[in-house]
Amino acid sequence: MARSKRYYVTTPIYYVNDAPHIGHAYTSLACDVLARFKRLDGFDVKFLTGTDEHGQKVEKSAQAAGVDTQVFTDRVSRNFRDLAQAMGFTHDDFIRTTEERHKRACQDLWRRLMDRGQLYLGAYSGWYAVRDEAFYGEGELTDGPDGKKNAPSGAEVEWVEEPSYFFKLSEWGDRLLKFYDDNPDFIAPRSRRNEVTSFIKGGLEDLSVSRTTFKWGVPVPGDDDHIMYVWLDALTNYITAVGYPETDGGEYATYWPADLHMVGKDILRFHAVYWPAFLMAAGLEPPKRVFAHGWWTNEGDKISKSLGNVIDPLELIETYGLDPVRYFLMREVPFGNDGDFSRRAMINRMNSELANDFGNLAQRVLSMVNKNCGAAVPMHAGFMEFDYVILNPAQDLISTLREYMDRQEFNQYLETVWSVIRAANGYVDRQAPWKLKKDDPERMGTVLYVLTEMIRQIALLLQPFMPDSMDRMLEQLAISPEHRTFAFLGPDHALVPGTALPKPEGVFPRFVEEDGGGKGGG
Ligand code: ME8
């Protein structure tokens with residue numbers, strides 16, 4: 001299979017310090033939509049997610065919970081796996097940084113960096129934020145109201161002095177800038193490029209990459225007093241999962257460099273600066289692209305445990321159903337921008353776009369087919385110009401949608417599919433097949449055929465976003481599972497008149513706004 005038909009996409013690996021929330025679900029959902037799209041489009045996909053289990057932050061959380069650190073990480077990591085299952089994610093691997101394969105990869109990468117003269121032993125004295133697991137320069141800090149110093153993220157910093165190995169990051173500034181110039185799609189969205197380049201232009205200092213004051217991490221090869229800095233450990237997961245240190249064949253040769261690291265904007269610097277620098281310094285290829293998406297707030301407020309407004313994705317799924325939640329998260333905000341989560345906005349979209357625009361279209365058309373066409377795909381008697389106007393765009397859509405996916409413009413993808421849905425609704429109203437029933441039953445059959453075929457195409461295209469609902473919709477069109485990839489979008493695979501169809505049923509529930517969630521009629 002040609003390299004271009006392979007796709008390797010990763011989520012961040014999440015800290016196991018706390019329960020997963022909507023933000024974690026969001027990043028992984030975007031990757032799941034991409035992975036599903038690429039599989040339907042004929043790609044050999046590897047989709048990786050997992051948990052980041054080392055470091056001071058996790059160790060402190062375990063201590064606060066009064067539990068052995070490994071037992072604690074096992075428990076919280078399980079919650080992330082459960083979330084992935086509840087969200088319908090189709091990852092091919094779930095990596096945990098406490099696994100043996102990962103330790104091997106980290107230590108091998110360390111040795112490579114050492115062999116190439118990229119590491120040296122020194123001593124670190126400076127500021128560290130445990131919450132971010134990051135070192136900060138004095139100039140980046142602000143004074144908090146309590147007299148303590150804060151990182152730009154708002155995290156509290158503490159003064160650290162300890163022996164440490166350093167990575168010669170200061171030597172990589174110009175090469176990173178050249179790398180971004182040579183690979184203009186590396187940092188996405190484009191608007192985020194400046195913050196990365198100005199960080200580099202501000203001058204890169206060597207990076208402390210080991211710690212000695214606690215033990216919860218991967219031991220530095222040849223120096224047991226040190227454990228590896230959690231970010232060097234964590235970033236390495238992306239190559240561990242493709243079989244590194246084996247680089248000559250196997251999955252590494254197949255999937256590396258990754259096509260996309262999906263991350264939130266909070267961790268762009270680690271992925272767009274440190275990670276490619278580590279890899280280049282080790283003589284390995286950097287990934288192809290890093291997309292930093294925006295931040296969700298809840299009804300206008302920052303999502304935080306202390307505010308008690310953490311949105312539990314499992315509760316949302318329970319209340320609204322999985323696919324409406326998946327749809328809303330991908331539709332509401334242009335991907336890359338910050339977004340505000342509001343139940344009102346969610347219910348509005350579920351009712352107007354899912355239940356009305358698409359749900360009604362399918363329900364009306366399939367009920368008419370069921371009643372008036374002998375519960376089978378209608379016979380058609382020659383298409384007219386305006387039938388093709390409706391039929392053709394749906395078939396041509398895929399090339400546009402591919403571009404949206406490759407740029408991670410999920411809301412544009414959905415907007416485009418909805419323009420087709422709206423066009424189909426306009427066509428039903430204009431053609432009024434219910435009136436044709438008496439005057440021109442043949443023409444009625446043709447109109448209903450056009451609409452049924454459109455629904456098939458729309459359902460195929462929406463599978464990455466709403467897999468279960470679209471499965472149900474495609475069942476109603478008697479499309480077998482092996483005929484649901486994008487290879488079957490075109491006219492050669494259009495519905496065959498006379499094919500028996502099962503009794504239609506509504507796919508999207510309608511919600512009542514007042515109580516914020518009660519199910520109304522469907
Ligand atoms: O940073 N809105 O893990 P983490 C949108 N272990 N996305 C959000 C969000 C919000 N309010 N809150 C969290 C780490 N996220 C490291 C990563 S990777 C080698 C190591 C998402 O558990 C977003 O993707 O703090 C963010 O980047 C990630 O969760 C941070 O997860």
Side-chain angles (χ1 to χ4, degrees), residues 9-32 48-59 61 73 76-77 79-80 83-84 87 89 94-98 102 105-106 109 129-134 151 153-155 192 216-218 228-241 258 260-276 278-279 287 290-307 309-313 329-330 332-341 408:
V9 59
T10 67
T11 75
I13 49 171
Y14 304 107
Y15 286 127
V16 290
N17 62 312
D18 209 348
H21 68 64
I22 195 80
H24 309 117
Y26 182 59
T27 318
S28 299
L29 171 60
C31 296
D32 185 62
L48 174 70
T49 188
T51 43
D52 188 355
E53 308 192 359
H54 287 136
Q56 231 174 337
K57 165 157 151 162
V58 168
E59 192 184 63
S61 303
T73 59
V76 185
S77 179
N79 294 340
F80 278 93
L83 173 73
M87 291 289 299
F89 297 153
F94 188 103
I95 190 167
R96 301 183 55 190
T97 55
T98 48
H102 183 63
C106 289
L109 185 65
V130 174
R131 199 180 88 189
D132 301 348
E133 296 283 20
S153 61
R192 297 235 168 258
W216 188 242
V218 176
M228 287 167 64
Y229 172 42
V230 66
W231 270 102
L232 175 54
D233 163 345
L235 289 160
T236 304
N237 93 87
Y238 300 131
I239 53 175
T240 304
L260 179 67
H261 292 321
M262 180 69 78
V263 298
K265 64 180 183 180
D266 55 325
I267 54 174
L268 177 59
R269 187 190 288 185
F270 299 93
H271 285 81
V273 180
Y274 301 164
W275 182 225
F278 292 151
L279 288 166
V290 176
F291 192 108
H293 67 63
W295 215 240
W296 282 96
T297 50
N298 183 3
E299 315 272 351
D301 292 322
K302 186 175 178 306
I303 299 177
S304 91
K305 212 174 160 187
S306 51
L307 288 176
N309 66 350
V310 174
I311 303 165
D312 176 5
L329 291 174
M330 291 291 99
E332 178 70 356
V333 190
F335 200 69
N337 295 4
D338 292 338
D340 186 42
F341 183 89
Q408 291 79 49

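For ligands, and for the atoms within them, numbers begin at 1 and follow the listed sequence. None of the values given here were measured: they were computed from a predicted structure.
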Self-check item: L268/R192 under side chain to side chain contact (heavy atoms under 4.5 Å, CB included): CA gap, chis, key distance, verdict
Solution: CA-CA 9 Å; L268 177 59; R192 297 235 168 258; 3.8 Å; yes
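- The aromatic rings of H24 and H21 are tilted relative to each other, their planes meeting at an angle between 30° and 60°.
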Pairs of donor and acceptor atoms involving the side chains of residues 332-339, under 3.5 Å and at least two apart or interchain, shall be tabulated with distances.
from	atom 1	to	atom 2	distance (Å)
E332	OE1	R349	NE	2.5
E332	OE1	R349	NH2	3.2
D338	OD1	K265	NZ	3.0
D338	OD1	W295	N	2.7
D338	OD2	K265	NZ	3.0

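- Between Y26 and W296, the ring-plane angle classifies as perpendicular under the 30° and 60° cut-offs.
- When the salt bridge (charged side-chain N to carboxylate O under 4.0 Å, His left out) test is applied to D32, the partners found at least two apart in sequence or on another chain are R36, R326.
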Can you give me a line-by-line list of nitrogen or oxygen pairs between ligand 1 and the protein shorter than 3.5 Å?
from	atom 1	to	atom 2	distance (Å)
ligand 1	2 (N)	W296	N	2.9
ligand 1	6 (N)	I13	O	2.8
ligand 1	6 (N)	D52	OD2	2.7
ligand 1	11 (N)	W296	O	3.3
ligand 1	22 (O)	Y15	N	2.9
ligand 1	24 (O)	T27	OG1	2.6
ligand 1	24 (O)	G264	N	3.2
ligand 1	27 (O)	G264	N	3.0
ligand 1	27 (O)	D266	OD1	2.8

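- Listed by chain and number, the residues in a salt bridge (charged side-chain N to carboxylate O under 4.0 Å, His left out) with R96 are E53, D74 (sequence neighbours excluded).
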